[in-house]
Amino acid sequence: MLIAVLVSFGVAAVAPWIVRVVGDRSGWLLALLPAGVTAYFLTYLPQVAAGESVLERTAWVPSLGVSLAMRMDGLSLVFALMIAGIGTAIVIYAGGYLRGDRQLPRFYLLLLAFMAAMLGVVLSDNLISLFVFWELTSVTSYFLVGYKHEDETSRKSALQALLVTAGGGLAMLAGFLLLGIVGGTFEISALLSDPDAIRQHDAYLAILVLVGLGALTKSAQWPFHFWLPNAMAAPTPVSAYLHSATMVKAGVYLLARMSPGLGGTPAWFWLLTTAGVLTMIAAASLALLQRDSKRLLAYSTLIALGTLVTLIGVGTPGAIAAMVVFLVGHALYKAPLFMVAGSVDHEAGSRDVTALRGLGRAMPITWATALVAGLSAGGLPPLFGFVAKELAIEGLVTAPWLLAGLIASSAVMVLVVYLVVWKPFVGREVTAPTPPHEAPLSMWIGPAVLALIGALLGIAPWLIGDGLMVPAAAAVLAELHPFQLYLWHGVNLALMLSVLAVLLGGILIWRWRGLHDGLRARTTHVRFGPVAAYDATMAGLVRFAAWQTRVLQSDDLRHHMTIILGFAVVLTGATALLRGDLSVSLRHETGFFYEYIVLVLVAAAALSIIRARTPLVAITALGVAGFGIAVVFVFFAAPDLAITQFLVETLIVIIVALALIRLPLGALRGEAAVGVRLLSGAIAIVGGVLMTLLTLAVTGVPFDATLSAFFEAQSYPAAQGRNIVNVILVDFRAMDTLGEIVVLAVAAAGCYALLRRVVGTGGESPKRDERAAPGRGEGA
Amino acid sequence: MNSIILRTASQLLLTILLLFSLFLMLRGHDLPGGGFIGGLVGAAAVALYAIAFGYRAAQAMLRISPRMLVGVGLLAAVAAGFLALLQGQAFLTGQWWIIGLGEGAELKLSSPLLFDIGVYLVVVGTVLTMVFALEER
Amino acid sequence: METPLAVLVGVLFASGLYLVMQRNLLRFVFGLLLLSASVNLLIFTAGRVTRGTAPIIPEGLPTPPGDVANALPQALVLTAIVIGFGLIVFAIVLVLRTHERLGTIDTAEMAERLEAPRPVATDLEDEVPA
Amino acid sequence: MSWLVAAPVVLPLLTAALLFVLQSRSEVQRVLSTTSTAVLVTLSVILLYRVSEGGILVAQFGEWRAPFGISFVADHLSAIMVVVTGVMAVATAVYALRDIDGTREELGYHPLFHVLLAGINGAFLTGDLFNLYVWFEVLLISSFVLLTLGNRREQLEGGIKYVAVNLVSSMIFLGAIGLVYGLTGTLNFADLAVRLPEAPGGLVTVIAMLFLVAFGVKAALFPLFFWLPASYHTPPLAIAALFAGMLTKVGVYALIRVFTLLFVHDVAYTHTILLWISGFTMLIGVLGAAAQSDVRKLLSFHIISQIGYMIMGLALYTPLALLGSIFYIVHNIVAKANLFLIAGIGRRLTGSFDLARMGGLYRGAPFLSVLFLISAFSLAGFPPLSGFWAKLVVVLAGARVEAWPIVAVALLVGLLTLYSMTKVWQAAFWTPLPAGERMQERPSALLYAPAVGLALLTLAMGLWSGPFLALTEAAANELMDPSIYVRAVLGEAAAAAMRGDTP
């Protein structure tokens with residue numbers, strides 16, 4: 001199974017070259033990949049029908065418990081066949097739809113990569129590798145939605161889809177990690193084999209919510225539904241494939257997959273059914289506002305997704321059976337409907353259902369396809385959609401309020417079908433922005449075949465019943481519950497409710513125009529709800545980011561320095577109070593009078609630099625302090641140090657003086673406000689006191705002189721030197737000295753580079769940036 | 001500073017100070033001094049010359065650019081470390097060649113000495129580079 | 001003698017800290033010099049101080065005859081002084097150069113000067129468009 | 001094998017010395033400089049191989065045994081960091097062949113570059129606290145000069161901030177070293193690891209905070225990071241990329257070193273502080289990025305944000321967390337530096353770094369787009385790229401010890417990172433160029449080559465993360481048991497004493 005995924009990725013990677021070589025007909029050639037993959041997965045059918053599941057293990061990152069294990073059971077097979085099968089139709093269709101498009105090579109790369117990733121999602125038996133493929137579908141979706149990237153709406157929609165699904169994905173990852181920790185493994189089959197360990201764990205609710213967030217965002221459940229209609233900015237093949245048949249069902253897949261482990265609890269029931277029903281209702285209401293055929297279909301997809309999630313939430317054998325059948329039914333009619341809408345857009349120039357009329361004559365095959373798929377979508381016999389809906393109604397009879405939601409949204413479904421497959425096609429007079437004509441073969445063959453399969457399965461649902469649907473439901477339920485699929489159930493409650501839905505749909509069709517215009521007029525100024533929340537979050541994020549950057553990122557070095565030193569002082573001081581025992585015992589010191597004089601002199605010099613108003617005073621004070629320290633070194637038997645300090649101090653005074661000649665007089669002016677000075681002063685004083693206390697505390701501890709004793713003992717015998725300090729510098733610790741002279745060398749190079757009178761041309765030739773004010777200021 | 005006295009004095013001082021700086025460096029292993037202190041004094045000698053005659057004259061007198069001195073000094077110091085590698089010892093291990101000069105006098109050549117010479121050259125080069133660069137403006 | 005030295009370390013450190021938090025870059029440089037002096041003195045003090053003999057072995061003896069000053073902190077401080085010298089001279093030259101190119105050494109004004117279309121320049125050749 | 005441990009420092013130093021001498025000969029400089037980086041990376045890889053085969057390697061300079069002389073210690077962490085430095089050296093050296101102009105070469109770009117490498121590697125390898133200070137200063141001064149090389153006004157303005165903040169932090173660092181020395185009488189890391197536990201614990205904790213501040217500034221932690229976004233966007237991209245990749249990581253490395261080897265006596269306090277800091281660092285960094293419109297500044301803020309993840313790994317202080325931290329460092333260096341290199345190419349094509357003025361790169365430079373995507377999505381933590389594993393491990397480590405708030409922050413910041421990366425993508429790649437602008441000349445292959453190499457490395461670390469994780473795991477295990485380090489440097493007796501074994 002992994003091989004199918006990898007081969008698909010491989011073909012995706014070379015697809016751009018294939019397209020360049022083969023040209024316009026490359027769609028047909030590339031369709032061999034999904035077709036072949038479909039055939040490959042069909043070979044698993046006998047085993048799966050026999051109730052077996054096939055496990056394949058491949059190591060990836062064993063140290064983290066991550067493998068590329070793949071498992072094939074009924075649920076995976078249904079999804080894999082849908083992904084590859086519909087993929088075949090889509091790849092062919094896209095060849096016609098995007099004929100001659102400059103970006104077609106990239107498009108195929110992304111589309112096939114998406115297919116591979118999606119296969120990975122439904123086959124993975126490891127939570128982490130599932131997540132990897134999951135995120136890959138989000139990324140490929142991002143690029144596909146943003147296909148018309150030069151258009152701002154496309155870019156925004158792509159970003160929205162990515163952020164919503166990736167945000168949910170991250171929550172899901174947290175849930176997965178938790179699940180892995182609770183269950184001790186990331187292998188899904190192992191986790192699901194012991195569901196009670198998960199369900200009875202304290203973290204169960206957290207896991208459910210986190211994993212649920214991932215699934216619900218991906219499957220566009222309320223309140224995260226809004227990204228899906230906006231994703232219709234993508235080219236139609238993408239909408240048909242990712243945003244109706246496959247990717248949006250990844251969330252459904254995940255919930256179904258996890259249902260044996262996470263399902264069966266009240267929390268599960270309430271979370272899923274609430275989300276599902278709210279999605280159905282919200283989508284049904286919002287669909288009334290639409291007249292764009294793709295957006296209409298998008299909202300009807302939302303209704304279907306809501307139905308699926310609700311059914312999983314209910315979780316009874318009947319509901320699950322309905323779920324798997326509805327899943328297939330929906331894929332078989334929704335993908336053709338999208339493609340038909342795309343063909344109409346392509347050949348007649350519009351997706352506005354009110355702007356089109358009488359296309360049926362010019363596009364007979366397209367219309368026929370639309371009708372077959374549409375009747376299935378409307379839940380009318382003898383099509384597979386009817387079978388699916390009957391089952392769904394039966395599955396929900398135990399929960400009347402869920403059933404009510406389903407019936408209401410089914411009615412809207414009927415309206416959508418009318419608007420998409422009937423209204424634009426009927427009539428003698430042709431109304432269309434461009435003269436319509438039939439779509440080319442590549443664009444009708446795929447939808448037509450899918451619609452026909454839907455019709456065939458409607459008449460003979462048993463074809464896939466025992467072989468595929470029952471094992472799929474068994475995978476979700478974790479036990480076998482055989483059921484039979486019939487087109488005709490006899491006159492029962494389900495049928496009557498079904499008729500009711502169609503009647504309600506008829507009323508909606510009859511009153512549509514008034515309802516539509518009225519609702520539109522009333523909702524144009526709505527400023528709340530999930531979309532507004534998303535927009536507000538994004539705007540707020542940017543505003544907050546700008547605000548905090550402005551506050552924290554002043555351009556003034558002094559502010560930086562104050563914050564940094566303030567933090568340092570507070571951190572160290574607080575630690576000293578909380579943890580430290582800076583018990584400083586004052587020791588009896590035997591100092592000489594002249595030593596104290598020098599020390600006081602140095603301190604006074606340092607303090608006078610603060611007070612200095614002219615550079616000359618400051619330099620003088622600096623010199624005094626420096627030479628004073630040299631004298632201190634003399635007092636305490638450090639001749640080398642004293643000489644060095646003396647020489648360096650002299651040089652620094654000279655260099656400062658040389659520099660000062662070039663700085664304006666009164667260069668020390670520019671005092672800050674009193675408050676600022678007080679703050680700096682406080683930080684400085686606390687810092688100084690801390691340093692004194694630390695030095696005292698440290699010197700209060702008995703000194704370990706092992707190192708120095710070694711140097712004294714070895715300096716002459718082993719290193720031939722009598723000046724121990726020098727021996728340390730050039731032998732014992734010569735590496736320090738080597739670094740030290742490197743610092744000097746670079747400092748010299750730096751001064752040279754700074755002072756040379758050359759122009760830094762930059763490696764770049766003059767470009768736009770330089771003509772305006774360079775660099776800064778563009779930031780905030 | 002065009003005084004002849006200063007010029008003469010600084011020429012004399014230059015020689016004396018340079019010699020003194022070398023002396024400081026060489027004796028550093030046994031008495032206060034060493035490459036750094038010696039280098040500073042040496043640099044001071046040339047800097048004094050530069051103040052008296054201008055930095056161009058000082059540069060001409062040096063014949064080698066101070067930046068080159070820095071490079072050579074660095075090379076010397078690194079090379080001193082490499083000497084030990086030739087003997088199969090760790091980098092920077094001291095190597096000694098003591099040449100007897102008769103009558104108890106001996107000449108101690110060593111890698112630490114070479115290292116210290118490197119330090120000396122880098123210090124002279126560094127200080128002069130800085131001073132010349134500042135003077136140039 | 002560690003106690004008074006520790007106090008001096010603190011005074012130098014505090015003065016240095018105060019100065020590096022100033023708008024004037026020249027004051028900043030002075031602050032840096034004081035901080036450097038402070039930590040050098042700190043290392044020196046941390047190695048304990050003695051008034052005894054310098055760490056030099058007299059002629060004819062293999063090791064120092066008695067207690068000598070701790071040589072290691074002296075070597076460390078020497079290295080630190082030299083490194084500090086290099087860094088601070090570079091900083092001074094950088095301040096000088098910044099003054100030439102931006103016309104100010106006031107940290108609060110530097111960013112504005114950058115945005116000014118024409119810098120206050122002392123050497124015109126710098127103003128060839130980069 | 002001691003020469004091998006010293007080689008990553010000595011080779012660039014020797015190269016730098018030669019380059020100083022050969023300053024006037026530009027062609028020779030270029031050849032020597034590039035060749036040297038190639039040798040450097042080779043030697044580094046051999047070093048890592050030796051370490052992974054035979055354990056920690058130690059060099060005692062001057063043959064003075066520890067703790068009396070200076071030791072260089074190559075454990076897994078050090079060796080990994082040295083290899084990454086080598087890789088970055090080659091990448092930026094090749095890029096620089098087209099990116100660095102003649103003037104900057106004449107001002108000493110090549111020797112400075114190698115001094116910087118020596119400083120970085122010295123900091124990674126040294127086993128001595130004071131020597132660490134020395135290498136820190138070596139890398140700082142060379143970075144100062146490289147940053148301001150060319151004297152453009154924004155370079156000087158940014159340079160002042162960078163220099164000022166880093167110099168002050170160096171002073172704090174040096175003071176802290178003095179205190180540690182006064183307390184223990186030693187400077188050798190291994191020796192300190194043995195002796196510090198005997199010192200008064202409270203005092204040690206206070207000193208540890210000084211190290212936290214000093215290294216925190218270099219690592220650009222919150223709230224010490226201001227110098228970074230103020231300066232990193234000013235130098236040429238070859239320099240900025242090396243800075244962005246390596247310099248802050250030296251600070252992170254130092255934090256990891258001291259907070260696993262030296263200051264582990266009061267983990268409940270010290271590492272909790274680190275955890276808080278890591279959370280704020282992640283958050284503030286990424287929010288800063290969201291507010292930027294200059295690509296280089298945006299990327300600079302990201303550096304800060306991602307440092308947060310590395311520190312989070314350290315703060316959690318479990319083997320898995322440290323593994324994550326180290327893997328994160330390696331991944332981040334490669335991906336982040338590459339983004340800088342790619343931004344440089346993008347600038348050559350579009351003539352700007354400003355997102356509002358860039359555009360059309362997806363159409364005009366598809367290959368560059370792929371390179372960008374690999375690095376950007378890796379940074380955003382998208383699977384299966386290297387950043388995903390890095391983030392996964394850190395987050396998993398947090399989840400294992402039930403540190404939920406930081407896990408939540410880490411995941412949220414991941415989303416915000418994605419947002420700001422797509423911001424660049426949407427503006428520079430998807431949006432068409434502003435009207436009237438045309439794509440500029442085709443950049444040289446020498447600019448593309450390093451970007452391709454680093455992108456491939458990012459891919460490899462994602463798809464074959466196993467071996468990389470194994471190496472970092474070995475590093476993490478060493479860090480969690482300081483006695484391994486002590487045994488390698490001081491011998492079995494000291495290690496046994498440290499573990500409290502009675503001989």
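Throughout, protein chains are lettered first and strands after them, A, B, ... in sequence-line order, and every chain is numbered starting at 1. Here the structure is a predicted model, which is why all the values come from computation and not from measurement.
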For [X], which atoms come within 4.5 Å of any heavy atom of chain A: side chain, backbone, both, or neither?
X: D:Thr184; answer: backbone
X: D:Leu140; answer: neither
X: D:Leu112; answer: side chain
X: D:Pro67; answer: both
X: D:Val393; answer: side chain
X: D:Ile172; answer: side chain
X: D:Glu473; answer: side chain
X: D:Val206; answer: both
X: D:Val407; answer: neither
X: D:Leu373; answer: side chain
X: D:Leu323; answer: neither
X: D:Val168; answer: side chain
X: D:Leu416; answer: side chain
X: D:Val217; answer: side chain

**OP:** Scan side-chain atoms only and decide if A:Thr706 and A:Asp704 contain a donor-acceptor pair under the 3.5 Å cut-off.
**Re:**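 Present: a donor and an acceptor within the cut-off.
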
Original post:
Any luck finding a side-chain donor-acceptor pair between D:Asp128 and D:Asn188 under 3.5 Å?
Top reply: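 No donor-acceptor contact under 3.5 Å links the two side chains.
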
Subject >> Shortest non-hydrogen separation from A:Ala171 to A:Leu210 and the atoms involved >> reply: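 Nearest pair, atom of A:Ala171 first, then A:Leu210: O-CB, 3.3 Å.
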
For chain D, which candidate among [options] shows the most heavy-atom pairs at distances under 4.5 Å?
options: A:Gln103, A:Arg543, A:His559, A:Glu152; answer: A:Gln103
options: A:Leu707, A:Thr737, A:Leu173, A:Leu557; answer: A:Leu707
options: A:Tyr142, A:Trp547, A:Phe544; answer: A:Tyr142
options: A:Arg733, A:Lys156, A:Met538, A:Met691; answer: A:Arg733
options: A:Phe711, A:Phe703, A:Tyr752, A:Trp134; answer: A:Phe703

In terms of ring plane angle, is the pair [X] and [Y] parallel, tilted or perpendicular, where the classes change at 30° and 60°?
X: D:Phe225; Y: D:Phe301; answer: perpendicular
X: D:Tyr362; Y: D:Trp430; answer: perpendicular
X: A:Phe133; Y: A:Phe9; answer: parallel

Original post:
Going through the distances and angles, do D:Phe222 and D:Leu283 end up as a side-chain contact (heavy atoms from CB on, under 4.5 Å)?
Top reply: CA-CA 9 Å; D:Phe222 175 85; D:Leu283 213 49; over 6 Å; no

Who wins among [options] for the most heavy-atom pairs under 4.5 Å with chain A?
options: D:Tyr269, D:Phe61, D:Phe382; value: D:Tyr269
options: D:Gly108, D:Gly288, D:Ala290; value: D:Gly288
options: D:Trp389, D:Trp404, D:Tyr133; value: D:Trp389
options: D:Val213, D:Val9, D:Leu320; value: D:Val213
options: D:Trp227, D:Phe144, D:Tyr419; value: D:Tyr419
options: D:Val145, D:Ile273, D:Thr431; value: D:Thr431

**OP:** Take D:Arg363 and A:Glu150, measure what salt bridge (Lys or Arg N to Asp or Glu O under 4.0 Å) needs, and give me the verdict at the end.
**Re:** CA-CA 10 Å; D:Arg363 179 153 288 207; A:Glu150 279 161 3; 3.4 Å; yes

Charged N-O contact under 4.0 Å between [X] and [Y]:
X: D:Lys161; Y: D:Glu157; result: yes
X: D:Arg104; Y: D:Asp99; result: no
X: A:Asp151; Y: A:Arg155; result: no

Subject >> Centroid separation D:Phe429 to D:Trp425 less than 6.0 Å >> reply: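 Centroid separation for D:Phe429 and D:Trp425: below 6.0 Å.
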
Is chain D contacted by the side chain of [X], its backbone, both, or neither, given a heavy-atom distance below 4.5 Å?
X: A:Phe732; value: both
X: A:Val542; value: side chain
X: A:Met735; value: both
X: A:Ala59; value: neither
X: A:Leu565; value: side chain
X: A:Ile181; value: side chain

Original post:
Is there a side-chain contact (heavy atoms from CB on, under 4.5 Å) between D:Val115 and D:Ile141 once you walk through the steps?
Top reply: CA-CA 9 Å; D:Val115 171; D:Ile141 183 84; 5.7 Å; no

Subject >> D:Glu137 (side chain) donor-acceptor with A:Glu740 (main chain) under 3.5 angstrom >> reply: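 Not a single qualifying donor-acceptor pair exists.
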
Subject >> Pairwise side-chain contact, A:Arg106 with D:Pro366, heavy-atom cut-off 4.5 Å (strictly under) >> reply: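 Yes, at least one pair of side-chain atoms sits under 4.5 Å.
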
**OP:** Can you establish whether the number of heavy atoms outside A:Lys148 located under 6.0 Å from its atom NZ is more than 12?
**Re:**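 Atom NZ in A:Lys148 is crowded, with more than 12 foreign heavy atoms closer than 6.0 Å.
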
**OP:** Step by step, work out the ring pair (Phe, Tyr, Trp, His ring centres under 6.0 Å) result for D:Phe130 and D:Tyr181.
**Re:** CA-CA 9 Å; D:Phe130 189 81; D:Tyr181 172 68; 9.3 Å; no

